[in-house]
Participant: 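Just passing along the structure, written as structure tokens.
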Amino acid sequence: MRPADDLSGMDELYRDFILDHYRNPRNAGTLEAPDASCEDLNPLCGDRIRMDVKLHDGIIEDIRFQGRGCAISQASASLLTETVKGKTVAEVAALGKDDVLANLGIPISAARLKCALLGLSVLKRALKL
Amino acid sequence: MRPADDLSGMDELYRDFILDHYRNPRNAGTLEAPDASCEDLNPLCGDRIRMDVKLHDGIIEDIRFQGRGCAISQASASLLTETVKGKTVAEVAALGKDDVLANLGIPISAARLKCALLGLSVLKRALKL
Amino acid sequence: MTATMPQAAVGASLSPAAVARIRADFPILQERPHGKPLIFLDSAASSQKPVQVIEAMDDYYRRYHANIHRGIYHISELATEAYEEARSAIARFIGSPCSAECIFVRNATEGINLVAYSWGRSNVRAGDVILLTEMEHHSNLVPWQMLAQEKGARLRFVPVTADGRLDMNRLDTLLDGARLFAFTAVSNTLGTINPVRELCLRARAAGAVSVVDACQAVPRMPVDVTQWQCDFAAFSSHKMLGPTGIGVLWGRKDLLDAMPPFLTGGGMINVVRYDRTTFADVPARFEAGTPAIAEAVGLGAAVAYLTAVGMERVARYEHELAALALEKLRGIGQVVVYGPGIEHRTGVISITVGDIHAHDLASILDREGICVRAGHHCNQPLMEKLGVPATTRASFYLYNTPDEIDALIAGLEKAKRIFKLT
Amino acid sequence: MTATMPQAAVGASLSPAAVARIRADFPILQERPHGKPLIFLDSAASSQKPVQVIEAMDDYYRRYHANIHRGIYHISELATEAYEEARSAIARFIGSPCSAECIFVRNATEGINLVAYSWGRSNVRAGDVILLTEMEHHSNLVPWQMLAQEKGARLRFVPVTADGRLDMNRLDTLLDGARLFAFTAVSNTLGTINPVRELCLRARAAGAVSVVDACQAVPRMPVDVTQWQCDFAAFSSHKMLGPTGIGVLWGRKDLLDAMPPFLTGGGMINVVRYDRTTFADVPARFEAGTPAIAEAVGLGAAVAYLTAVGMERVARYEHELAALALEKLRGIGQVVVYGPGIEHRTGVISITVGDIHAHDLASILDREGICVRAGHHCNQPLMEKLGVPATTRASFYLYNTPDEIDALIAGLEKAKRIFKLT
Ligand SMILES: Cc1ncc(COP(=O)(O)O)c(C=O)c1O
Ligand SMILES: Cc1ncc(COP(=O)(O)O)c(C=O)c1O
């Protein structure tokens, strides 16, 4: 049997703010009569996210998300809603994988990348980007 | 380039009497109104044999075969017709792989066994054995 | 083709020394992902391979690869013999009276599709009932949905009880009017061992053909299709120490003989004309094109390996590991174990831990070198029924050890600390 | 996964030194059947494998085998990457703009069946014409007979001319009203190289979808599906230095996107409920169950090997060998060569010798260590048309040498002496 390791390495992957966003997602819920909306899932793992957006003059006035899945996908979506509120659709269009990863600030393995990017991909589909 | 070998080894496989039976098959042809008849082919190689039999009191009174295929299959069938003429159906039923190979008197590889046995298998099917 | 065979000790199960010798046959167990020893607890998804299997295929490619059946030269004869010997070895391994009943396919999934297309399309009619169970893998569910849709047939499902077993009380009612009953011998999510013989006999009594998904059974317990009394059974090589790219559909000879071909082309014909074709006898009729020859050789070597170890022992040892794991898991708070009690299960254990999502749990265990599966395990509707989006699944096989279960437990405890669960 | 690559010399074709270095990569060439050096002239049936391919699969099983796609642990990620990298490598190798257009199947036969079942059953209607040619392999004939029979469609055939080529004069008439035109790029019996691009363009102009049997083309000449302008193309790994058990169906993305699934089960789904299922995007939609992972890795290594040698060179060298063989065969009496002149053919040569049956000829050559194919080559109707029950076929590949052609000629002369032909 192997000795119990300390938490270094893994608390890197699951920092406190990630767990906080996972358990207390920001902008959680749905919007009534959203201007744009999309729901999708990652069929490989079943992670599921819905994004509702209220637009005004090409600016994201309000946004809500609802989902279920792993800490990475849910925290990433929660962080994303904070990032994009008040931004223009063009600014969202410019967002990519690197922005999401920078937002999370943790190392993501190839197998988990789809989790991290699910929120952005759903938002972009909602906005027809 | 390799030196031309002498024929030993291979003339073992293709002795004169095999070639003779191949080129001058005994009991070649068909019978009018045979008492038993069957045609079959080896789908893997396309060898094809038909056997017509005239029976009298359970004895093979006459037999003809028609076929196309390799020297082994055709010579083996030709030899078989000589063997079984005058024999009882029960005696034919008792014939097996070893008898055919003894008749041929040459080494047969696994891949060619079906060629050697095609005649017997068609004859047995004709006689419903 | 390889001479060395595993040296398992005599006894009811596998001794630690026997397991150590088995482990030495599996090169991958020397790997150190993330700097930790590899602890492979995902054999239900795909098992690892012993050198005997790897070398049998190597030897094939290095010494006697050639296309089979129509080759009149030495290495082609050797290849043909090896391919057909593998078929015979598999037939013996599963108690089939006749090797022609074993058809080589790519995997269990293709085997089940073969039955659905060939038997199903010519035997199932509008209004017929196809009976399944609520615990089927997508591979034993979706092909029947497709068939039902094409033919206008109806699907019914044997319910899964709260403790993860088939509800046998309703079986005869559900079987009433069924043309076909397809079910798994062992659940790949719950670990449940189903009463295959009873299910087959009751299907037959009701006039239904039985299709057993034997994917999780053949690798881990003695299987005898004659004793089971089933009509079809499908399994995959890659879950039973064999290579990827090959699997087996076993079918009762009289049923196979009456079935039309599925895939057509070279190797499965009798006479071909431009406008029509007659077909070869089974098994050739169902093996169109150049088959997975090296893979058959590898699967033959896998069967030889498992036979040398002894399937009774494999089953008992796996059961011991499962009992140990269940006991230790009971000692950790917030762990929920799905599936039945130990007396009805094999070494496949699905769990959830507090609000830690299965993917996060698997990622944390991965950093410890521990390989487990996380997700729906191709059992989406069952997950729905269990009310969980995903579970984390550990599965054991003959090369796993009690120490590895301790490591799993330590990993779960670490995950709880990371997620601040008490 | 393996570092060493063949060291082919620079030049238009392959130099003797380059061929010698290539031969050193093929362990089987050291074999001595019947005490004679192995002379393998049956690559059109299945090619031999270089160590690079054998070792890539070995390495996979020894270091990173795991089921793909759903595994959240290190070796599963490695396996998934290797599998998808192989797909990309194959896409590049055949000029496909997008790797999702490459679907892994067991062999070319399954690839063609996939098109017949999935595209065919939803696009071909009663009275429609399916155009084939008289030189098709059973694998590109029987699946279309089955489809025509199911749908009430009609088959038509492009005739083969006396010199073994497609009769292009009648093509437009035959294409009139055709839904689909399936043809081989290279005849596996006659060696004929067909004008694929022209055939595809004329099919498209007539509104027919083109299906290219690329089984004999991809191994032996540069292939670019974009240049060909075909809609589908199928080929097998085992004929192009790769392992058995895997092949590729290439399809135009928009066609594949619109096609219903063929085999169903794990890995090809989106959402599964007990009563209905939605399917994944291509290529996953067409890859049900655990795929041939090791075999994909092996095929990737084969493609890397062929790329390193250079397909232009492979084609030129094979053409040289064919020219040499044709010239030498002309020097032996009673030898009939089938197929077109050298300018239209590749290194696949079918012959008959006097009244020596092909099987007898192959047996005699076998004793000399020479492997050739004898029979109908899965081309029964073409044999019928040629008026021969069988031919003996020699086929050359990058590891063959002029010396081996001399040995073949000597073997044929010996056969004539045995059969007392002058
Ligand atoms: C032209 C052609 N098409 C199709 C096939 C079938 O290939 P496979 O048996 O690998 O499916 C072959 C090879 O036998 C061939 O030569
Ligand atoms: C119970 C069960 N059935 C079917 C399958 C499908 O097996 P494969 O993917 O090898 O076709 C699996 C494995 O994934 C399984 O566990």
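Chain letters run A, B, ... following the sequence lines, proteins first and then strands; every chain starts at 1.
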Participant: Apply side chain to side chain contact (heavy atoms under 4.5 Å, CB included) to residues D:Y61 and C:V51 and explain how you reach the verdict.
Facilitator: CA-CA 9 Å; D:Y61 283 128; C:V51 283; over 6 Å; no
Participant: Quick one: which of D:R62, D:Q149, D:M268 has the most heavy-atom pairs under 4.5 Å with chain C, could you say?
Facilitator: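 Between D:R62, D:Q149, D:M268, the count favours D:R62.
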Participant: Could you walk me through whether D:F279 and C:V142 pass the side chain to side chain contact (heavy atoms under 4.5 Å, CB included) check?
Facilitator: CA-CA 10 Å; D:F279 300 102; C:V142 188; 3.8 Å; yes
Participant: Among C:G375, C:G247, C:A362, which residue has the highest count of heavy-atom pairs closer than 4.5 Å to chain D?
Facilitator: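 Among the listed options, the one with the most contacts to chain D is C:A362.
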Participant: Give the C-alpha distance, both sets of side-chain angles, the deciding distance and a yes or no for side chain to side chain contact (heavy atoms under 4.5 Å, CB included) between C:I75 and D:Q48.
Facilitator: CA-CA 11 Å; C:I75 56 174; D:Q48 296 303 336; 3.9 Å; yes
Participant: Is the gap between the ring centers of D:F40 and C:Y64 under 6.0 Å?
Facilitator: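 Centroid separation for D:F40 and C:Y64: 6.0 Å or greater.
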Participant: Is it the backbone or the side chain of D:P291 that comes under 4.5 Å from a heavy atom of chain C, or both, or neither?
Facilitator: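 The answer is the backbone of D:P291.
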Participant: Do C:P243 and D:M57 make a side-chain contact, defined as non-hydrogen atoms from C-beta onward lying under 4.5 Å apart?
Facilitator: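 Sidechains of D:M57 and C:P243: no contact.
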Participant: State whether the side chain of C:Q145 and the backbone N or O of D:R273 hold a donor-acceptor pair below 3.5 Å, judged by distance alone.
Facilitator: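 Side chain of C:Q145 to backbone of D:R273: a pair is present.
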Participant: At a 4.5 Å cut-off on heavy atoms, which part of C:L132 comes close to chain D: side chain, backbone, both, or neither?
Facilitator: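 For C:L132, there is no contact with chain D at all, as no heavy atom is under 4.5 Å.
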Participant: With heavy-atom distances below 4.5 Å as the criterion, would you say the side chains of C:Q30 and D:R63 are in contact?
Facilitator: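 Of all side-chain heavy-atom pairs linking D:R63 with C:Q30, none is under 4.5 Å.
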Participant: Check whether D:H377 gets within reach of chain C through its side chain, its backbone, both or neither, counting any heavy atom under 4.5 Å.
Facilitator: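 Neither part.
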Participant: A side-chain contact here means heavy atoms from C-beta on lying under 4.5 Å apart; do D:P381 and C:V272 qualify?
Facilitator: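 Answer yes - side chains close enough.
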Participant: Calculate, to the nearest 0.5 Å, the distance between atoms NE2 and CD1 belonging to D:H65 and C:I28 respectively.
Facilitator: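 It is 7.5 Å, given to the nearest 0.5 Å.
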Participant: For chain D, which candidate among C:D58, C:V372, C:L141 shows the most heavy-atom pairs at distances under 4.5 Å?
Facilitator: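 Result: the option with the highest number of such pairs is C:D58.
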Participant: Look up atom CH2 in D:W144 and atom OG1 in C:T264, then write down how far apart they are to the nearest 0.5 Å.
Facilitator: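 Interatomic distance, D:W144 CH2 to C:T264 OG1, rounded to 0.5 Å: 9.5 Å.
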Participant: Report which part of D:E136 has an atom under 4.5 Å of a heavy atom belonging to chain C: side chain, backbone, both, or neither.
Facilitator: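 Neither; nothing under 4.5 Å.
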Participant: Let's test your reading of the structure: which of D:A148, D:P143, D:C371 forms the most heavy-atom pairs below 4.5 Å with chain C?
Facilitator: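 Counting heavy-atom pairs under 4.5 Å, the top option is D:C371.
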Participant: Roughly how far apart are D:E77 CD and C:D366 CG, rounded to 0.5 Å?
Facilitator: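 Answer rounded to 0.5 Å: 6.5 Å.
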Participant: Side chain from CB out, backbone as N, CA, C, O: work out which of these in C:E295 comes under 4.5 Å of a heavy atom of chain D, or both, or neither.
Facilitator: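 It is both, since atoms from each part get that close.
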Participant: Just how far is it from atom CG of D:N67 to atom OG of C:S47, taken to the nearest 0.5 Å?
Facilitator: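 Going from the CG atom of D:N67 to the OG atom of C:S47 covers 10.5 Å.
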Participant: Shorter than 4.5 Å, heavy atoms on both sides: which option in C:A116, C:S76, C:G267, C:G71 has the most such pairs with chain D?
Facilitator: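 When all of C:A116, C:S76, C:G267, C:G71 are compared, C:G71 has the most.
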Participant: Measure the shortest side-chain to side-chain distance between D:R106 and C:L263 over non-hydrogen atoms and say whether it is less than 4.5 angstrom.
Facilitator: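 Of all side-chain heavy-atom pairs linking C:L263 with D:R106, at least one is under 4.5 Å.
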Participant: So for D:L361, is it side chain, backbone, both, or neither that comes closer than 4.5 Å to the heavy atoms of chain C?
Facilitator: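 Interface part for D:L361: neither.
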Participant: Heavy-atom pairs under 4.5 Å with chain C are the metric here; pick the option from D:P260, D:G289, D:A374 that has the most.
Facilitator: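 Max contact count across the listed options: D:G289.
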Participant: Please state whether the side chain, the backbone, both or neither of C:V271 comes within less than 4.5 Å of a heavy atom of chain D.
Facilitator: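 For C:V271, backbone and side chain are both near chain D.
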Participant: Below 4.5 Å from any heavy atom of chain C, which atoms of D:T290 appear? Answer side chain, backbone, both or neither.
Facilitator: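 Both backbone and side chain.
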Participant: Given a strict heavy-atom distance threshold of 4.5 Å, which part of C:H74 is in contact with chain D: side chain, backbone, both, or neither?
Facilitator: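 Interface part for C:H74: both.
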Participant: Between D:H138 and C:G266, which heavy-atom pair has the shortest distance, and what is it?
Facilitator: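 Of all heavy-atom pairs spanning D:H138 and C:G266, the closest is CB-N, 4.0 Å.
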Participant: Please report the C-alpha distance between D:Y73 and C:D42 in whole Å, then the side-chain angles of each, then the deciding distance to 0.1 Å, and finally whether the side chain to side chain contact (heavy atoms under 4.5 Å, CB included) criterion is met.
Facilitator: CA-CA 10 Å; D:Y73 51 84; C:D42 194 23; 2.6 Å; yes
Participant: Using non-hydrogen atoms and a limit below 4.5 Å, what part of residues 107-115 of chain C faces chain D?
Facilitator: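 The list, in residue order, reads C:N107, C:T109, C:E110, C:N113.
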Participant: Between C:L147 and chain D, with a heavy-atom cut-off of 4.5 Å, which part of the residue counts as in contact: side chain, backbone, both or neither?
Facilitator: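 Neither the backbone nor the side chain of C:L147 comes within 4.5 Å of chain D.
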Participant: Pick one of side chain, backbone, both or neither for C:E134, based on which atoms fall under 4.5 Å of a heavy atom in chain D.
Facilitator: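 Looking at C:E134, backbone and side chain both touch chain D.
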Participant: Please state whether the side chain, the backbone, both or neither of D:H359 comes within less than 4.5 Å of a heavy atom of chain C.
Facilitator: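 For D:H359, the contact with chain C is made by backbone and side chain together.
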Participant: Looking only at heavy atoms and a cut-off of under 4.5 Å, which of C:A294, C:A358, C:G245, C:P33 has the most pairs with chain D?
Facilitator: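 Counting heavy-atom pairs under 4.5 Å, the top option is C:G245.
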Participant: Between D:R121 and C:E150, is the salt bridge (Lys or Arg N to Asp or Glu O under 4.0 Å) condition met? List the steps.
Facilitator: CA-CA 12 Å; D:R121 291 181 72 207; C:E150 178 178 340; 2.9 Å; yes
Participant: Are the aromatic rings of C:F262 and D:Y117 close, with centres under 6.0 Å apart?
Facilitator: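 They qualify: ring centres under 6.0 Å apart.
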Participant: Contact part of D:I293 toward chain C, heavy-atom cut-off under 4.5 Å: side chain, backbone, both or neither?
Facilitator: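 Its backbone and side chain both get close to chain C.
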Participant: Is D:D275 close to C:F157 at the side-chain level, that is, under 4.5 Å between some pair of heavy atoms?
Facilitator: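 Side-chain contact under 4.5 Å: no.
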Participant: In Å, rounded to the nearest 0.5 Å, how long is the span from CG of C:L155 to CZ of D:R276?
Facilitator: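 Between C:L155 CG and D:R276 CZ, I get 12.5 Å after rounding to 0.5 Å.
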Participant: Among D:T277, D:L382, D:T244, single out the residue with the greatest number of heavy-atom pairs under 4.5 Å to chain C.
Facilitator: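 Looking at each of D:T277, D:L382, D:T244 in turn, D:T244 comes out on top.
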Participant: What heavy-atom pair brings D:M146 and C:P261 nearest, and what distance separates the two atoms?
Facilitator: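 Closest heavy-atom pair between D:M146 and C:P261: CE-CG, 4.0 Å.
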Participant: Top residue by heavy-atom pair count (under 4.5 Å) with chain C, among D:I54, D:V105, D:N379?
Facilitator: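 Highest number of heavy-atom pairs under 4.5 Å: D:I54.
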Participant: At a 4.5 Å cut-off on heavy atoms, which part of C:I72 comes close to chain D: side chain, backbone, both, or neither?
Facilitator: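 Interface part for C:I72: both.
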Participant: With a 3.5 Å distance limit and no angle check, can you tell me whether D:S46 reaches the backbone of C:A66 through a side-chain donor-acceptor pair?
Facilitator: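 Not confirmed, D:S46 side chain does not pair with C:A66 backbone.
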Participant: Can you measure from CD1 (D:I269) to SG (C:C378) and round to the nearest 0.5 angstrom?
Facilitator: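 The distance works out to 6.5 Å.
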